Protein chains: 2
Amino acid sequence: MPRQGLTTGRVTAAAADLADDVGLEQVTLTALAKHFEVATPSLYTHVRSQADVRTGVALLALAETADLVAAAIAGVSGRAALAALGGVWRTYAVEHPGRYAASRLPLDAETAAASAGRRHADLSRAALRGYRLSSADEVHAVRFLGATFHGYAALDAAGAFGHGAADAPASDESWERVLDGLDAILRSWEAR
Amino acid sequence: MPRQGLTTGRVTAAAADLADDVGLEQVTLTALAKHFEVATPSLYTHVRSQADVRTGVALLALAETADLVAAAIAGVSGRAALAALGGVWRTYAVEHPGRYAASRLPLDAETAAASAGRRHADLSRAALRGYRLSSADEVHAVRFLGATFHGYAALDAAGAFGHGAADAPASDESWERVLDGLDAILRSWEAR
DNA sequence: GGTTTTATCCTAATGCGCATAGGTAACGGC
DNA sequence: GCCGTTACCTATGCGCATTAGGATAAAACC
């Protein structure tokens, strides 16, 4: 029987697509093997373990989002830059829920060092450049934005904004208010 | 052989403790059964499934945190109320990581309706009472705070704040700045 | 206090998924 | 066309969730 031409990259990519389809938890080696019409143990030539696959998806997601952020924040500053940065995450979490979930997994120190995590930190700082913050404030601001954007995406994904009254304002409306608020804070920090 | 006197509540409580110890993912029915010195299938008299146990831990965590929030925000307002509300979540996420993780699980509509989720929404609004916001702004503010507090707890737990330079400011410092920022925003909304 | 009822806990068994070990044959270099 | 490499195979074992059906401890009743 002919070989399938599997590679680590193809397996990881398929795992990412599957995660977006059925959820990260449901990404099993068995399902991946079925997708490639291959016996389950055959995958072990290309990946070390199930956890290894998940880590691979996480690294893929971090790299993809870093590219998206880089493109989104190019040429904009201030509130527009915040909207661009936050919009990437909010959109990505909706369109690629499995990849997004993977990107939130804790990575061990060396994996994190080899990931696009550092690039994300740099990009976030770049997005804030227009506010002319002190370098200490920049760190606080990056954490603030990261917390708010990721928290928002998580709550939205968990449906926490839909549990309330039927006449509650739409999530989009709150999102704009959040961006307004963050922009106001950072502008006030600029003046210090 | 004597019976163990298991109940749904005792199983759920043990699951919560175990989750805090070894992580929510590692809470298996087998491990719980071992803890009670009982055969695994015996648990099915008290819980419907593994997912049911997790949901039970989530409901427990939501109820516990609602009590903590109620106690923390009693008699305070403004920035102090924000610190109280956020502090509950940040502390809880560190001291009870398994329960906290469970509290972030998506719940189906009827389970959510029976949970302390509604109480949390009411408590959050109560914490904001001092800002005298319009009712629409109150919803936006609750979402803003929820996103930021939970995002912060998640990033902190994932170690995202420790990956950077060794001389980076401590997380506590950023936390105070976040509270300052949120307080400033809400005070500005008050004036509208 | 003995009998009936209830339901807690048991053993047995199935199925799925991860993972390791060791064999076989397809491919790439020469 | 031969040879070495390795992608993929079958066989196997383990852990966990879950179902089915039986035994007995405990409670309920007279």
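Naming: A, B, ... by sequence-line order, numbering from 1 per chain. Here the structure is a predicted model, which is why all the values come from computation and not from measurement.
- In this structure, CD of B:Gln50 is placed 16 Å from C1' of D:dT19, rounded to the nearest angstrom.
- For A:Ser42 and D:dA7, the shortest distance from a side-chain N or O to OP1 or OP2 is not below 4.0 Å.
- Taking atom CG of A:Asp52 as the reference point, atom P of C:dA19 lies 10 Å away to the nearest angstrom.
- When the P atom of C:dA19 is taken as reference, atom NE2 of A:His46 falls 16 Å away, rounded to whole Å.
- In this structure, A:Leu18 atom CG and C:dG17 atom P are separated by 12 Å, rounded to whole Å.
- Within 4.0 Å of A:Thr40, counting heavy atoms only, lies no atom of the nucleic acid at all.
- Atoms CG (A:Leu29) and P (C:dC18) sit 4 Å apart, rounded to a whole Å.
- Counting only residues at least two apart or in different chains, side chain to side chain donor-acceptor pair (under 3.5 Å) contacts with residues 46-63 of chain B are absent.
- By the 6.0 Å contact criterion, CZ on B:Arg118 is open, its count of non-hydrogen atoms from other residues, nucleotides or ligands being 12 or less.
- Using a 4.0 Å heavy-atom criterion, one finds that A:Thr45 contacts the bases of the nucleic acid, with or without backbone contacts as well.
- Here the P atom of nucleotide C:dG17 and the CD atom of A:Glu25 are 14 Å apart, to the nearest Å.
- In this structure B:Arg99 satisfies the side-chain hydrogen bond (donor to acceptor under 3.5 Å, both in side chains) test together with B:Asp17, B:Asp20, B:Glu64, sequence neighbours excluded.
- Remark: A:Phe144 engages no residue in a ring pair (Phe, Tyr, Trp, His ring centres under 6.0 Å) (not counting sequence neighbours).
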Give me, pair by pair, the N or O atoms of the protein and of nucleotides 20-22 of chain C that are less than 3.5 Å apart, along with how far apart they are.
none

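- Counting any heavy atom pair closer than 4.0 Å across all strands shown, A:Thr28 reaches sugar-phosphate atoms only and no base atom.
- The CG-P distance, from A:Leu32 to C:dC16, rounds to 17 Å in whole Å.
- Note that B:Arg143 lies in the cation-pi zone of A:Phe161, set by a 6.0 Å cut-off to the ring centre and a 45° limit from the axis.
- For residues 73-90 of chain A, the pairs satisfying salt bridge (Lys or Arg N to Asp or Glu O under 4.0 Å) are A:Arg79-A:Glu176, A:Arg79-A:Asp180, A:Arg90-A:Asp156, A:Arg90-A:Asp172, with sequence neighbours left out.
- Residues forming a salt bridge (charged side-chain N to carboxylate O under 4.0 Å, His left out) with B:Arg132 (at least two apart in sequence, or on another chain): none.
- If you measure from atom CG of B:Leu43 to atom P of C:dC10, you get 9 Å, rounded to the nearest angstrom.
- Closest-nucleotide positions on DNA chain C for B:Leu6 and A:Ser49 were compared, and the one nearer the 5' end corresponds to B:Leu6.
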